[in-house]
S.K.: 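Supplied in structure tokens, the structure appears directly below.
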Amino acid sequence: MGDGVVGERRQLINVAYRLLGSLAEAEDAVQEAYARWYALPPSRRHEIASPGAWLTTVTGRICLDVLGSSRARRERYVGAWLPDPLPGRAGRPHGTSGDPADQLVLDESVTMAFLVVLETMTPAERVAFVLHDVLRYPFAEVAGVLDRTPAACKQLAASARRRVRTGAPAPAGGQAETVRRVKEAWEAKDIAALVDLLDPAAVMTADGGGLAGAALRPVEGGPHIARYMAGIAEKAPGLELLERPVNGTPGLVARRAGTVLTVAAFDLAADGRVARIWVIRNPEKLRVWAGDGAPSPR
């Protein structure tokens, strides 16, 4: 692989995860892009001035196809589908493993709140918006991925932009404090304290994928969520709650006997109370958390 394309893998994983919200699908898309590169005759490869741009375009097209077909798959999914949660990297030198999670740049474009908004876009809107607005690719390059004119891609990005909620996110320090208080209230089974921490119109969405127990429909309203959380605490002796970054923002991880069973991400309202909780329990989405979300050096 001496043709310099191997170093593009990290950027391609970052593109594909933002487009798909799934680590496994992102890795498959990147592998397929490389397979297509190595299937080219050597003479054709030598003609390509920018292998990185070629691989990005091909990865983007593969992701566009996956997004189109995933709509039908997600309709068959048991309960709500949520993006894969990403652990922090404490104890793991940045980008040193082959694990796709280690290749990802954790910024505001991978927060659970942002990825959930991306899910509301059409595949073409998502590709145009992520490539141009998030990753700063010019519309001329986006046009090559979508096989549309740059002007059409500009319109797609504009319509996608309208779906993105305006308003600055709560500062991480404020979120960390709120999440800590949620953890303490949950451990104490203190429904009144939980209600105080939750926005009255808060929504909790859980993803068990039919492989782990989870509410099949969103739980709406602070008091309902507080009672639901307290009920889980009653039924789950031996569960250990840990404060851990989830997709780059403060979250919670629940584990029993060293196994991570649940990862929870949060989004705050303007007044600092919890507006959204995303609970991922599907074990297939938690494999990367095997070391509890903050692996220690061995």
S.K.: Are side-chain heavy atoms of Val15 and Val130 found at a separation under 4.5 Å?
M.R.: no
S.K.: Compute whether any side-chain donor of one residue and acceptor of the other, for Tyr17 and Asp84, lie under 3.5 angstrom apart.
M.R.: no
S.K.: Looking at Arg36 and Glu32, does any basic side-chain N land under 4.0 Å from a carboxylate oxygen?
M.R.: yes
S.K.: Assigning hydrophobic clusters by single linkage (Ile, Leu, Val, Met, Phe, Trp, Tyr; side-chain heavy-atom cutoff under 4.5 Å), is Val145 placed with Trp54?
M.R.: yes
S.K.: So which of Val78, Val263, Leu82 actually passes side chain to side chain contact (heavy atoms under 4.5 Å, CB included) with Asp207?
M.R.: Leu82
S.K.: Would you tell me whether Arg18 and Asn14 have side-chain atoms, one donor and one acceptor, within less than 3.5 Å of each other?
M.R.: yes
S.K.: Walk me through it: do Phe114 and Val110 pass the test side chain to side chain contact (heavy atoms under 4.5 Å, CB included)?
M.R.: CA-CA 6 Å; Phe114 194 78; Val110 295; over 6 Å; no
S.K.: For Lys189, does the NZ atom have more than 12 heavy-atom neighbours from other residues, nucleotides or ligands under 6.0 Å away?
M.R.: yes
S.K.: With a 4.5 Å cut-off on side-chain heavy-atom distances among I, L, V, M, F, W and Y, is there a chain of contacts connecting Leu216 to Val219?
M.R.: no
S.K.: Check this for me: does any side-chain nitrogen of one of Arg71 and Glu75 sit under 4.0 Å from a carboxylate oxygen of the other?
M.R.: no
S.K.: Taking Glu243 first and then Arg180, would you say they form a salt bridge - that is, a charged N and a carboxylate O separated by under 4.0 Å?
M.R.: yes
S.K.: Answer yes or no: are there more than 12 heavy-atom neighbours, outside Asp107 itself, under 6.0 Å from its atom CG?
M.R.: yes
S.K.: To the closest 0.5 Å, what do you measure between CD (Glu27) and CD (Gln31)?
M.R.: 5.5 Å
S.K.: Please report the shortest heavy-atom distance between Asp196 and Arg273, naming the atom on each side.
M.R.: O-CD, 3.1 Å
S.K.: Return the minimal non-hydrogen interatomic distance between Glu125 and Ser159, and the atom names on each side.
M.R.: OE2-OG, 2.8 Å
S.K.: According to the interplanar angle, ranging from 0 to 90°, do the rings of Trp81 and Tyr77 count as parallel (below 30°), tilted (30 to 60°) or perpendicular (above 60°)?
M.R.: perpendicular
S.K.: Quick one: closest heavy-atom pair of Gly144 and Thr57, and the distance?
M.R.: O-CG2, 3.9 Å
S.K.: Less than 4.5 Å apart, side chain to side chain, heavy atoms only: is that true for Leu156 and Val127?
M.R.: no
S.K.: Look at Glu184 together with Arg181 and state whether they make a salt bridge at an N to O cut-off of under 4.0 Å.
M.R.: no
S.K.: Could you tell me whether Arg217 atom CZ has more than 12 heavy atoms of other residues or ligands within 6.0 Å of it?
M.R.: no
